Amino acid sequence: MSQYDDFDPFEAAAAPVPLSQRAMGVRPTPYLDGLNPAQRAAVEELDGPVLLLAGAGTGKTRALTTRIAHLLMQGKARHGQILAVTFTNKAAREMKDRIARLLGETVEGMPWLGTFHSVSVKILRRHAELIGNADLHLKTTFTILDTDDQIRLLKQLIAAENIDEKRWPARMLAGLIDAWKNRALTPSRVPKSDARAYDGYGVKLYQAYQDRLLALNAVDFGDLLMHCVTLFQAHPDILRQWQERFRYILVDEYQDTNTAQYLWLRLLAQAHHNICVVGDDDQSIYGWRGAEVGNILRFESDFPGAKVIRLEQNYRSTPHILAAASRLIAANSGRLGKTLWTEAEGGERVRLIGHWDSEAEARWIGEEIEAFHGGHRAAIGKRSLNDIAILVRASHQMRAFEDRFMTIGLPYRVIGGPRFYERQEIRDAMAYFRLAVSPDDDLAFERIVNVPKRGLGDKAVQKVQIEARDRGLPLLLGAAAAVASGAVGGKGGGALRLLTEQLGRWHADAIDSTVSHVELAERILDESGYTAMWQNDKSPDAPGRLDNLKELVKALEEFENLQGFLEHVALVMDTDKQESAEQVSIMTLHGAKGLEYPIVFLPGWEDGLFPSQRSMDESGTRGLEEERRLAYVGITRAEELATISFAGNRRMYGQWQSSLPSRFIDELPEDHVDVLTPPGLYGGGYGAAAQPYGQSSIYDRASKADVYNSPGWKRMQERSSHHAAPVHKKPVTIDADPAAGFTVGEEVFHQKFGKGRIMGIAEDTLTVEFGTGFKTIKAAYVQPLSAAGSDDVPF
DNA sequence: TCGAGGCTATTTTTT
DNA sequence: ATAGCCTCGA
């Protein structure tokens, strides 16, 4: 995780402890060597409640994983007796890897190290029949709904109540229900004060939704936690069973727990109090989705006698970066308080620069990155693009960077876009697979019944639903009945008959273990016409979707059968594939939590954007403080150099808006900041930012010139000893596939903009006219149209 | 039933 | 600006 791991003394511990030694009761503890005193305490304080306050970059994961290793090595618990929960699959995976490294063995045997949700599923599957009532309860095979299914279901319920969906959108209801579930509030427990929500229908619809889920033998993500809590509360005997099993409990990112997770943990821990939570109140940035910082602030009173251990030695960032972050976060109230320090010395100050507008900002950052990459900043040295990240407050800020980097041919990767398994084509395909496995999956049926278009509209689907309801059948069988009875006839009827027959065949094959599930998947996508649908689609993203389908099928190979795959996907929805090429990373500040980069850019520090106006409007001081913590997270991602920037003008919702530098900028310590901004834009009042704005390039250039002439810039130049003048248009070394082969007038294809025609060629840069207008793009980003994939059939 | 064009809302996001 | 959603007409 950290560069310091390179000389991590634990590496040595990776050598397996010989069985003979272990059998003799000899328990070497080489993995304890090299821990600082606080870390050592965190590892060795095994019994009773422990609150581990771990500041950014202080070796939190190391402490946590070493603690687990120690528990095992000391014989305090066996693998299956340790419960370790994280929020993300990624964090869980990383912990598994590191424990394996420490112990020199695989950690297949850590069955209860996982996310809150995956652990909850395991527990729930064993007691599913206790969720619900005597008449209607979950079965152990329950399915886990994704957000799409959830919304679709809610829409139906809203329509059934004759509520105007425009005034009360399903998404809002989903949010409401989710918030209740985050607080472990079942419909009957929703307090009166909340009952007026959603025009008074909230609780009623919530109840209806829960009933419907039960009937579908399904749960949503919120249920996983909530059902566990109610299960434990209603069945003390079962709770006791789990308490006895989990002798030791560890929790990562405790500051992010919501009320349901808190109750879940408290119930499990209350018997023995062997609970160790790790967190950093200063990095609590998920209040808006139900996280309660209060949980960590209150830990000592929840678990009297808790030992509080602070990890304050930072191994990640330079003193300047730490100082800037520390000063900023000091403006927050109600902190548990930590003082980060480091043995490191020197390093660059945090840089601050103002720009005329967001485009100038993107341009400048692009040039800086090229300079770092080319080794033109002596103070920093030549850098891989992988070492550089741009962290933005809101995803719409990314566009400016994408556009700019596309133009100059700077490879980038957006982290945290729509997840693979959330994409439409993947969900459609999965719905087909789900139906093949479980023909009674009504939500899946509804999703694909008319995808691809089969001439089955609302009317036909309604008839199927009526048929199914009258006969008490799942939709698929209802559909067959509707066809048989002639309720759905004509063209649609024929298509529906074909579909039901196909699904019957696929189901037979799905439960036939002699049929390869990979081949079956391919056949399903083929025979259903789903692949063909995208092949015939001319939109620019169609080829990408076909690629994704190919990848989906490839992912199937790693599983025994379709069932296994579907189970996996419901919970492990991340497939971030590592691309090998060097790329600058662009992501939101939220997405950056837990990551670190030598060089970090923090653009868009303007009041209203960051801190976000909406946060402040909705949550007042609390909101502002959360934004400040976000800023803190941002700065502390940087190992060597952090650059904060703001723009005087930004295009928002198509309108140019002027803005003022973020109030957070004033909270930075001057001693640790280099101001690269011309006085007009920052410092001497907000003069420049308040002037009337032209949008012409003249202003633009003038502004940039000002920046380069500013004292700050010159100081910067001098400090970084030798180098060429500010790197303007430098050719980029990567992707140096020149424009050779392209001719003016030729049609090309671009992943994002689609089909276009080349209007001009200069070196390796093309001017291309797309449907939306002209773009200047590096040749490497486009392909000749003929190669764009239409004959590249996936299956 | 389906596609075209008008209207509207637009932070952050895991499971 | 823009994407998703909805209404309307064929």
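Within every chain, numbering begins at 1; the chains are lettered A, B, ... in the order of the sequence lines, protein sequences first and strands thereafter. Predicted, not measured: the structure shown is a model, and the values here were computed from it.
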Between A:R629 and A:D282, does any side-chain N to carboxylate O distance fall below 4.0 Å? no
Distance check needed: B:dT11 C1' versus A:R650 CZ, whole Å only. 14 Å
d(CE, A:M587; P, B:dT12) in whole Å: 15 Å
Do NZ/NE/NH1/NH2 and the carboxylate oxygens of A:E626 and A:R622 come within less than 4.0 Å? no
Measure from NZ on A:K155 to C1' on C:dC5 and round the result to the nearest Å. 8 Å
Under 4.0 Å, heavy atoms only, any strand: does A:S612 hit a base, just the sugar-phosphate, or nothing? base
Quick check on B:dT14: is either OP1 or OP2 less than 4.0 Å from any side-chain nitrogen or oxygen of A:N258? no
Start at the 5' end of DNA chain B and walk down; is the nucleotide closest to A:G455 or to A:E626 reached first? A:G455
Give A:R651 one of three labels, base, sugar-phosphate or nothing, depending on what nucleic acid heavy atoms sit under 4.0 Å from its own. nothing
Checking B:dT12, C:dA1, B:dC2 against the side chain of A:K453 (C-beta onward), the nearest is B:dC2
In whole Å, what is the span from the CD1 atom of A:I144 to the C1' atom of B:dT15? 9 Å
Quick one: ring pair (Phe, Tyr, Trp, His ring centres under 6.0 Å) partners of A:F116, sequence neighbours excluded? A:F87, A:W264
Return no unless some side-chain N or O of A:R171 is found under 4.0 Å from OP1 or OP2 of C:dG4. no
At 4.0 Å (heavy atoms only), tell me whether A:D256 reaches a base, stays on the sugar-phosphate, or touches nothing. nothing
Just how far, in rounded Å, is P of B:dT11 from CZ of A:R628? 22 Å
Under 4.0 Å, heavy atoms only, any strand: does A:L456 hit a base, just the sugar-phosphate, or nothing? sugar-phosphate
Could I get a table of every N or O pair under 3.5 Å where one atom is in the protein and the other is in nucleotides 7-10 of chain C?
none

What is the separation between atom NZ on A:K181 and atom P on B:dT15, rounded to the nearest whole Å? 18 Å
Nearest to the side chain of A:F221, heavy atoms from C-beta on, is which of B:dT15, B:dT11, C:dA1? B:dT15
Closest listed nucleotide, where the reference is the side chain of A:T588 and the choices are B:dT15, B:dT11, B:dT12: B:dT12
Indicate yes or no: does A:R447 engage A:D441 in a salt bridge with an N to O separation below 4.0 Å. no
Looking at A:R651 and A:D357, does any basic side-chain N land under 4.0 Å from a carboxylate oxygen? no
Note: A:E359-A:R399 ion pair, threshold 4.0 Å (strictly below): no
Aromatic ring of A:W288 stacked on base six-ring of B:dT12, 5.5 Å, 30°: yes
B:dT10, B:dT12, B:dT13: which one has an atom nearest the side-chain heavy atoms of A:R614? B:dT10
With a 4.0 Å cut-off on N to O distance, would you call A:D252 and A:K60 a salt bridge? yes
Listed by chain and number, what are the ring pair (Phe, Tyr, Trp, His ring centres under 6.0 Å) partners of A:Y206, not counting sequence neighbours? A:W180
Once you round it to whole Å, what is the distance between C1' of B:dA9 and CE of A:M172? 12 Å
Classify the nucleic acid contact of A:D220 as base, sugar-phosphate or nothing, counting any heavy atom under 4.0 Å across all strands shown. nothing
Between A:R152 and A:D149, does any side-chain N to carboxylate O distance fall below 4.0 Å? yes
If you look at every strand shown and take non-hydrogen atoms under 4.0 Å, does A:Q150 touch a base, only sugar-phosphate, or nothing? nothing
Residue met sooner reading DNA chain B from 5', once A:G457 and A:A394 are mapped to nucleotides: A:G457
A:L124 CG - B:dT15 P separation (whole Å): 18 Å
For A:Y653, which contact category applies under a 4.0 Å heavy-atom criterion: base, sugar-phosphate, or nothing? base
